[in-house]
Amino acid sequence: MDGQAVLGKVDVLTRFPMVILHSNSELDKWLAAADGPVHFVPTMGGLHRGHQQLIRAARGAGVRVLVSVFVNPTQFAAGDDFTTYPRHHDKDAQQAGAAGADAIWFPAVEHVYGDVNPACSHAGSRPPIQPSLIRTLCGPCRPGHFEGVLMVMERLLERVQPALVVMGEKDWQQLAVVRQCLPALRERRCRLLPVPVAREGDGLPHSSRNDRLSPAQRRQAALLPQALRDAEAAVRGGERRAMVLEQLARTRLDAAGLQVDYAQLVDPLTLEPCPHLDGVALLGVGVHVGSVRLLDHSFLLSRKPIIAIDGPAGTGKSTVTRLLAARLGLLHLDTGAMYRAVAWLMLEKQQPVRSGGALQQLLETMELRLAWGDHGQQVIRINGVDVSDAIRFPRITATVPRVAALPEVRQVLTRQQRRFGRQGGLVSEGRDMGTAVFPHAELKVYLTATVAERARRRAADMAQRGQVSPPLATLEAQIAERDHLDCTRTEAPLRPAEDGVMVATDRISVEQVVGELEDLFHQRVSRGAWAMRQH
Ligand code: AMP
């Protein structure tokens with residue numbers, strides 16, 4: 001093992017001993033010793049069950065898991081607890097080994113920062129952090145902290161070149177800053193896996209700093225998650241005002257004798273203050289117990305989240321929406337089916353597709369009901385008839401664009417869709433979802449794919465159904481023509497929402513697209529918070 005120290009693992013399930021690394025050359029040799037991806041868990045040591053949860057999440061077939069332990073001087077300000085931060089390498093190695101790490105790396109300052117004085121180290125070519133990300137929560141009380149975090153993460157990732165970096169949702173602001181600012185993640189050279197907060201029996205998040213609390217302080221600290229639970233209860237009771245929710249948390253923390261740095265309701269993605277809870281927001285709290293700084297947060301929901309998906313025909317919207325809804329335990333709202341059902345009714349009643357008194361009467365007496373089957377499939381009934389299958393027939397497909405262009409139909413259906421939106425808990429697919437129907441959706445996605453890719457997909461679909469497809473050039477021309485019509489029509493033209501996320505689906509599998517949307521969702525609603533709501 002090239003002189004590297006080796007520690008027998010406590011975990012009997014793991015067959016190989018864990019390697020202990022110090023210098024960069026030891027690390028480089030270990031990295032070069034095997035092929036396959038490295039999954040990386042950066043820490044500052046004092047490893048506990050929270051860190052172990054990260055290590056377990058990092059494991060996978062054919063993957064090597066590397067944990068680093070480095071108390072990074074550039075993220076501590078003068079007077080912070082840099083010198084008193086726990087440093088117990090033997091215990092850390094034992095904890096990492098027990099959780100299944102393959103190697104643990106203890107670099108010294110010069111291994112990370114070279115000969116440069118870390119205090120003088122600068123951001124290099126990295127763009128500055130977006131001000132909104134550090135204007136709230138820990139930002140104002142820890143100036144320079146997040147620059148220090150980015151600095152060390154940039155250097156660690158440069159050296160390790162992992163396929164995946166695993167970080168905790170406990171430090172939500174750190175996660176948001178790293179995710180949105182670190183070049184390796186922005187440029188997708190590395191993926192980020194966030195892991196839910198691990199908590200002690202009384203709800204306090206595991207933290208290396210908890211060990212420094214006296215028994216009395218530890219009892220006081222337990223009131224931190226309790227204050228958040230009280231705010232959750234107030235939301236369940238109908239409270240939506242940020243000031244009231246923040247003040248409630250503050251009062252509870254003050255009463256527990258904790259020194260409050262902040263209690264703030266923010267947007268989970270942008271971290272901008274939320275004056276009012278409308279959908280999902282994060283209530284973050286930072287306190288001092290004596291000299292020990294502790295953080296916690298809770299996701300507050302005034303309704304279940306909404307995801308709105310739109311994009312041109314042939315981008316895989318329906319498949320992606322269905323799979324994503326199933327994965328997240330949300331309902332799949334296929335709004336196209338609602339327009340199809342109206343088209344079905346008009347054909348059934350042999351009514352001409354145009355505005356006027358007859359249409360008005362049809363809409364006034366129409367009863368359109370949606371329900372969801374055991375496997376999440378949408379069942380649609382119109383005037384008591386289950387039309388879920390009938391609306392897929394070609395004659396409906398040919399009629400529905402003209403029906404959807406009738407303003408009265410759009411008005412009635414949009415109103416009904418918005419009623420669903422009051423409860424939330426939807427992945428809705430269809431035109432105008434993010435722009436007009438659910439402008440407050442937590443996540444608005446616009447799926448795209450090049451015309452050539454969509455033509456290829458359509459040809460493959462037709463071949464699979466045993467149909468003969470026209471030449472690709474003809475399919476491309478048809479798709480381009482349909483795009484043009486969709487984008488230029490006066491009623492609900494196809495366009496992305498201003499605050500939507502474009503997801504290009506060329507050359508990636510449906511599974512990868514769904515994974516990407518799931519990641520985007522969890523940037524707005526943490527994995528931990530969502531898993532808890534599912535139970
Ligand atoms: P630290 O050693 O405190 O810098 O933390 C290293 C990583 O572990 C960070 O990504 C933290 O967010 C994560 N982490 C720390 N405590 C917990 C916890 N209680 N639950 C989940 N992740 C945690």
Side-chain angles (χ1 to χ4, degrees), residues 39-58 65-76 80-82 84-89 91-93 95-96 99 101 104-107 112 137-138 142 145-146 148-153 155-157 160 162 164-179 181-182 185 190-213 218 221-222 224-225 228 268 282 284-286 292-299 522-523 526-532:
H39 290 182
F40 181 43
V41 185
T43 80
M44 296 209 299
L47 298 195
H48 48 67
R49 283 185 47 204
H51 295 114
Q52 288 188 309
Q53 196 161 287
L54 267 56
I55 297 169
R56 289 197 187 92
V65 176
L66 172 70
V67 177
S68 68
V69 171
F70 179 62
V71 186
N72 172 38
T74 64
Q75 69 189 69
F76 289 82
D80 268 356
D81 55 354
F82 174 68
T84 52
Y85 203 86
R87 290 168 173 83
H88 306 293
H89 287 190
K91 190 169 165 239
D92 285 346
Q95 297 272 339
I104 188 165
W105 176 36
F106 297 104
V112 176
L137 308 180
C138 284
R142 302 195 75 184
H145 168 74
F146 292 106
V149 169
L150 285 179
M151 214 177 277
V152 74
M153 286 294 291
R155 279 165 170 74
L156 295 176
L157 294 200
V160 175
L164 181 82
V165 60
V166 184
M167 298 181 71
E169 287 180 343
K170 170 177 169 284
D171 301 286
W172 185 262
Q173 189 170 21
Q174 168 172 285
L175 194 62
V177 169
V178 165
R179 184 191 276 133
C181 305
L182 205 64
L185 296 175
C190 172
R191 282 195 313 118
L192 172 69
L193 177 66
V195 171
V197 186
R199 294 178 180 274
E200 299 197 18
D202 58 5
L204 183 70
H206 281 283
S207 165
S208 316
R209 293 183 163 107
N210 292 356
D211 288 348
R212 290 177 36 220
L213 298 171
R218 177 63 190 76
L224 179 63
L228 293 169
L282 174 137
V285 290
V292 180
R293 182 202 312 278
L294 297 175
L295 310 180
D296 201 357
H297 67 257
S298 171
F299 276 79
H522 287 308
Q523 290 177 25
S526 75
R527 281 179 191 276
W530 193 238
M532 253 169 58

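For ligands, and for the atoms within them, numbers begin at 1 and follow the listed sequence.
Within 6.0 Å of the CZ atom in Arg191, the count of heavy atoms belonging to other residues, nucleotides or ligands does not exceed 12.
Under a 4.0 Å criterion applied to the non-hydrogen atoms of Met44, ligand 1 contributes the atoms 1 (P), 2 (O), 4 (O). For ligand 1 and Met167, the ligand atoms under 4.0 Å from any heavy atom of the residue are 10 (O).
The aromatic rings of Tyr85 and Phe76 stand perpendicular to each other, their planes meeting at an angle above 60°, with 30° marking the opposite boundary. Ring geometry for Trp172 against Phe299 counts as perpendicular: the plane angle is over 60°, on a 0 to 90° scale with 30° as the lower cut.
To the nearest 0.5 Å, the span separating CG on Leu185 from CE on Met153 amounts to 7.0 Å.
Among protein heavy atoms, atom 19 (N) of ligand 1 sits closest to His206 O, 2.8 Å. Ranking protein heavy atoms by distance to atom 21 (C) of ligand 1, first place goes to Pro196 O, 3.5 Å. Here the heavy atom of the protein found nearest to atom 14 (N) of ligand 1 is Asp171 OD2, 4.3 Å.
Within the 4.0 Å heavy-atom criterion, the part of Pro42 lying near ligand 1 is the backbone and not the side chain. Residue contacts with ligand 1, taken as heavy atom pairs separated by less than 4.0 Å, involve His48 solely via side-chain atoms from C-beta onward. Contacts between Phe70 and ligand 1 below 4.0 angstrom, taking non-hydrogen atoms only, are absent altogether. Residue Leu54 touches ligand 1 through its side chain alone, judged by heavy-atom distances below 4.0 Å. Residue-level proximity to ligand 1 for His51 is carried by the side chain, the only part with a heavy atom below 4.0 angstrom.
Backbone and side-chain nitrogen or oxygen atoms of Val195 are examined, and none is located within less than 3.5 angstrom of a nitrogen or oxygen of ligand 1.
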